[in-house]
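These notes concern the structure reproduced below.
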There are 2 protein chains.
Amino acid sequence: MTEDDGFELSSFTPYLLNQAAEAQSVAFAAIYRNRYGMLRTEWRVLFHLGRYGPMTAKDISTSALVHKTKISRAVRALEQKRFLKRVERPGDGRSEYLVLRPPGEEAFRDLCHAAREHEAQLERRLGQQDARMLRQLLVKLRET
Amino acid sequence: MTEDDGFELSSFTPYLLNQAAEAQSVAFAAIYRNRYGMLRTEWRVLFHLGRYGPMTAKDISTSALVHKTKISRAVRALEQKRFLKRVERPGDGRSEYLVLRPPGEEAFRDLCHAAREHEAQLERRLGQQDARMLRQLLVKLRET
DNA sequence: GCTTGTTAGTTACAAAAGCAACTATCAGGT
DNA sequence: ACCTGATAGTTGCTTTTGTAACTAACAAGC
């Protein structure tokens with residue numbers, strides 16, 4: 001028996017974070033997967049365009065900290081679903097603006113609604129105080 | 001402009017959890033990947049055996065909430081690294097006890113040490129108060 | 001002791017993610 | 001104008017994960 005044996009995985013922060021993140025996103029992923037056949041990255045791209053308006057793949061990649069190949073494939077998938085279109089960019093021939101089309105906007109609004117619902121449910125489970133505290137701590141962790 | 005446009009992804013809990021979990025486990029994963037060529041599930045299996053002693057694949061699967069196919073593959077990988085061996089189970093021919101071998105135990109102790117180090121670093125970044133609070137909230141979330 | 005249903009674990013195939021190489025465009029210096 | 005290096009995005013290949021089907025062993029009822 002060494003003193004290391006006392007180490008507890010079940011209170012190891014990376015482990016806890018993983019379990020929580022897994023549980024939470026599985027629950028929400030079921031929504032956009034079932035309703036629109038979307039993958040997680042597709043939902044994130046959709047969200048960025050819906051929330052912040054037209055932007056390039058690179059912009060989304062930077063903002064969401066997601067690798068450009070994942071963005072590229074998500075954009076193609078959303079394009080095939082007729083959720084967005086590519087618009088030529090005057091100054092730069094390398095990239096295009098990505099713009100939501102009406103079906104994409106509708107899906108965006110619907111999913112925002114579902115996300116709010118999901119968040120409200122979390123708050124009921126955890127209590128408003130604790131839910132807020134958790135968010136704050138996670139933000140702090142990201143920014144530290 | 002609908003009211004849904006006000007929804008912020010960057011303070012959506014599942015999103016925050018994902019970012020945090022990703023950042024944290026990438027950092028720790030680098031350690032067991034570089035030192036022992038292990039994958040995340042392998043580390044979890046190793047941990048369970050090191051911490052709780054011999055147990056079956058099913059036991060680990062239940063305890064860690066990881067699907068049995070992932071456990072099966074992780075066990076094989078650890079077996080090939082000579083980190084564990086399979087021991088026949090008298091009463092039940094379907095499953096085997098998984099037992100760490102000396103190299104596995106050594107890796108376990110080393111990784112426990114690294115994990116403590118990692119946790120300590122997090123506490124320095126977040127402050128002891130907040131680090132503890134975060135853990136408590138994540139535990140509460142899991143158990144609610 | 002023979003069916004029926006369950007459990008542990010593995011395997012095979014498909015979906016997704018990671019990574020490196022590639023094309024095309026741009027920007028700056030000479 | 002031309003070279004050099006950087007940037008945006010895509011494609012191909014490999015690794016990892018997810019899912020479902022499968023084998024083998026057990027358990028319970030008849």
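Order of the sequence lines fixes the chain letters, A, B, ..., with proteins taken first and strands second; residue numbering starts at 1 for each chain. Both backbone and side-chain heavy atoms feed into the values below; hydrogens, waters and symmetry mates do not.
Nearest nucleotide to the R94(B) side chain, out of dG9(D), dA24(C), dA24(D): dA24(D). The side chain of S95(B) sits closest to dG9(C) out of dA17(C), dG9(C), dT16(D). The side chain of T69(A) has dC19(C) as its nearest neighbour among dT17(D), dA24(C), dC19(C). Of the candidate nucleotides dG18(D), dG9(D), dT19(D), dG9(D) has the atom lying nearest to any side-chain atom of A57(A).
At whole-Å resolution of the value, CZ in R73(A) and P in dA16(C) are 11 Å apart. Rounded to an integer number of Å, the gap from M55(B) CE to dA8(C) C1' is 14 Å. Rounding to whole angstrom units, CZ of residue R86(B) and C1' of dA8(C) are separated by 12 Å. Between the CG atom of D92(B) and the P atom of dT23(D) there is a distance of 20 Å, given to the nearest Å. Here dT16(D) presents its C1' atom at 15 Å from CD1 of I71(B), a figure rounded to the nearest Å. Atom P of nucleotide dA8(C) and atom CG of L98(B) are separated by 13 Å, given to the nearest angstrom. Remark: C1' of dA8(D) and CG of D59(A) are 11 Å apart, rounded to the nearest angstrom. Rounding to whole angstrom units, CD of residue E79(A) and P of dT10(D) are separated by 9 Å.
For the pair R132(B) and E123(B), the salt-bridge criterion is not met [side-chain N within less than 4.0 Å of a carboxylate O]. Between R86(A) and E79(A) a salt bridge is recorded (basic side-chain N to carboxylate O distance below 4.0 Å).
By the 4.5 Å heavy-atom criterion applied to side chains, H118(B) and F12(A) are counted as neighbours.
Taking for each of K58(A) and K70(B) the nucleotide of DNA chain D with the nearest heavy atom, the 5'-most of the two is the partner of K58(A). Of the two residues contacting DNA chain C, namely E22(B) and R89(B), the nearest-nucleotide position lying further toward the 5' end is that of R89(B). Each of G93(A) and R40(A) was assigned the nucleotide of DNA chain C with the nearest heavy atom; the assignment lying further toward the 5' end belongs to R40(A).
In this structure, a donor-acceptor pair under 3.5 Å is absent between the side chains of D59(B) and Y52(B).
Note: E119(A) CD to Q24(A) CD = 8.0 Å, rounded to the nearest 0.5 Å.
Among the heavy atoms of the strands lying under 4.0 Å from T56(A) are primed sugar atoms or P, OP1, OP2 only; no base atom is included. Base contact: K68(A) has a heavy atom under 4.0 Å from a base atom.
Between dT10(D) and S72(A), a contact under 4.0 Å exists linking OP1 or OP2 to a side-chain N or O.
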